[in-house]
Student: 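Provided herewith is a single structure, encoded as structure tokens, for subsequent inquiry.
Counting starts at 1 for both ligands and their atoms, following the listed order. Worth knowing before you read on, the calculation uses all heavy atoms, side chains too, and leaves out hydrogens, waters and symmetry mates.
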Amino acid sequence: MLAQRLPSLLPPLGPRELLDVSMIASVAGELSEGRLSARRPFRAPHHSASMAAMVGGGQRARPGEVSLAHHGVLFLDELPEFTPAVLDSLRQPIETGESVIARANHRVTYPAAFQLVAAMNPCRCGMAGEPGHQCARGPRCVSDYQARLSGPLLDRIDLRVDVPAVTALDLIQPGPSEDSVTVRARVEAARLLQSRRYEALGLPAGTTNARCPPDRLEQAAAPDQAGVALLRDAAERMRLSARAYHRVLKVARTIADLAGAETIGRPHLAEALSYRSLPERLQAA
Ligand SMILES: [Zn+2]
């Protein structure tokens, strides 16, 4: 449900983005009734999806789900149930924002810059970590299931959030919450800030922190001194790869943008780093 709501928190598609999205839909033969919507795409392929369905291919080199989710959200429910080859094929588009389909003597490239949202249970039976529960298969229930996700794929997932089961009481007494309109205003303000920042650095309008090329990151996301110290410490302790290090910086830049802070400080980095680790109860042995 949270994933499905995400597009409603994102700013509507700009004219250029709208054109991209409708061109892909048209090539894929999915332009329904010729109507265009400024709503960002939301795609949720089933875990039985083939590689061609996911990243594009087939006889006519049709765009896949990653391209149909361009400028929007790609939601993969029950992530470990996807075949390892399909999950591996996501790495390139996540990294480059494009999907390349190789043919005998040419290549077809489709745009594929999406936000990936994935959901999974901690183990195959789905109960690990629940108070008082012991998996029938023991600790292997967790470790075997989580081993289905490769390190390189996990390295590209920036925010890992533990969502505990909802109890009846949570539904009876909902906590204080913000509505989508309020949150979207904050997201729009942060996106505008990013667009202006990257335009000033010579990048196209609409560039987000996520799409900031590595060589501009130092200018765009330089933390203050306390932040640098924390990051250096964490990089060693958490054994961050170079990629993960860059990704933490981008998340911290976004957290600072949402808070309207010019400089990335220690709290922004601490929050960004906290999203990279899973709670201990869900970690595979
Ligand atoms: Zn289990």
Side-chain angles (χ1 to χ4, degrees), residues 1-7 9 42-55 64-66 69 73-95 114-175 177 234-235 237-241 243-244 247-248 251 270-285:
M1 194 189 83
L2 288 171
Q4 270 170 11
R5 296 292 193 277
L6 186 55
L9 301 181
F42 178 85
R43 304 291 300 191
H46 188 255
H47 56 69
S48 61
S50 68
M51 191 124 90
M54 187 65 92
V55 293
E65 292 292 337
V66 294
V73 175
L74 178 69
F75 175 53
L76 305 182
D77 200 5
E78 303 191 56
L79 189 65
E81 303 288 345
F82 286 80
T83 63
V86 167
L87 292 178
D88 260 359
S89 70
L90 290 172
R91 274 155 55 180
Q92 190 228 354
I94 290 175
E95 211 59 35
F114 53 86
Q115 256 181 300
L116 174 67
V117 181
M120 65 180 284
N121 284 316
C123 66
R124 188 169 288 282
C125 78
M127 296 291 288
E130 292 296 320
H133 173 81
Q134 281 219 307
C135 297
R137 298 178 61 232
R140 297 203 57 160
C141 196
V142 174
S143 54
D144 286 359
Y145 200 57
Q146 297 195 4
R148 293 177 59 91
L149 303 177
S150 73
L153 178 66
L154 282 176
D155 206 37
R156 288 167 169 86
I157 294 181
D158 297 328
L159 317 177
R160 303 166 194 174
V161 183
D162 175 24
V163 186
V166 176
T167 66
L169 192 66
D170 295 328
L171 298 176
I172 297 164
Q173 297 183 309
S177 62
R237 201 165 27 81
M238 295 168 75
R239 278 179 256 137
L240 296 183
S241 66
R243 180 187 302 112
R247 298 189 82 103
V248 167
V251 173
E271 187 179 344
L273 285 162
S274 75
Y275 294 132
R276 279 204 92 79
S277 46
L278 272 181
E280 221 159 277
R281 69 180 186 92
L282 298 180
Q283 278 172 16

Student: Is it true that atom CD of Gln134 has more than 12 heavy atoms of other residues, nucleotides or ligands lying nearer than 6.0 Å?
Tutor: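 Open: at most 12 neighbouring heavy atoms sit under 6.0 Å from CD of Gln134.
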Student: Quick check: do Ile94 and Leu153 have side-chain heavy atoms less than 4.5 Å from each other?
Tutor: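 Result yes, sub-4.5 Å side-chain heavy-atom pair found.
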Student: Using a 3.5 Å distance criterion without hydrogens, assess whether the side chain of Arg156 forms a donor-acceptor pair with backbone atoms of Pro152.
Tutor: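 Here the side-chain-to-backbone pair exists.
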Student: Counting no waters, what protein N/O/S atoms lie under 2.8 Å from the Zn ion (ligand 1)?
Tutor: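 Counting only protein N, O or S atoms under 2.8 Å from the Zn ion (ligand 1), the list reads Cys123 SG, Cys125 SG, Cys135 SG, Cys141 SG.
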Student: If the condition is side-chain contact (heavy atoms from CB on, under 4.5 Å), which residues does Ala69 pass it with, not counting sequence neighbours?
Tutor: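 By the side-chain contact (heavy atoms from CB on, under 4.5 Å) rule, Ala69 matches Arg43, Leu74, Phe114.
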Student: Listing request: all salt bridge (charged side-chain N to carboxylate O under 4.0 Å, His left out) pairs with a residue in residues 79-90, at least two apart in sequence or in separate chains.
Tutor: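 Salt bridge (charged side-chain N to carboxylate O under 4.0 Å, His left out) check on residues 79-90 returns Glu81-Arg124, Asp88-Arg91.
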Student: Which residues satisfy the salt bridge (Lys or Arg N to Asp or Glu O under 4.0 Å) test with Arg148, sequence neighbours excluded?
Tutor: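 Listed in chain order: nothing, the list is empty.
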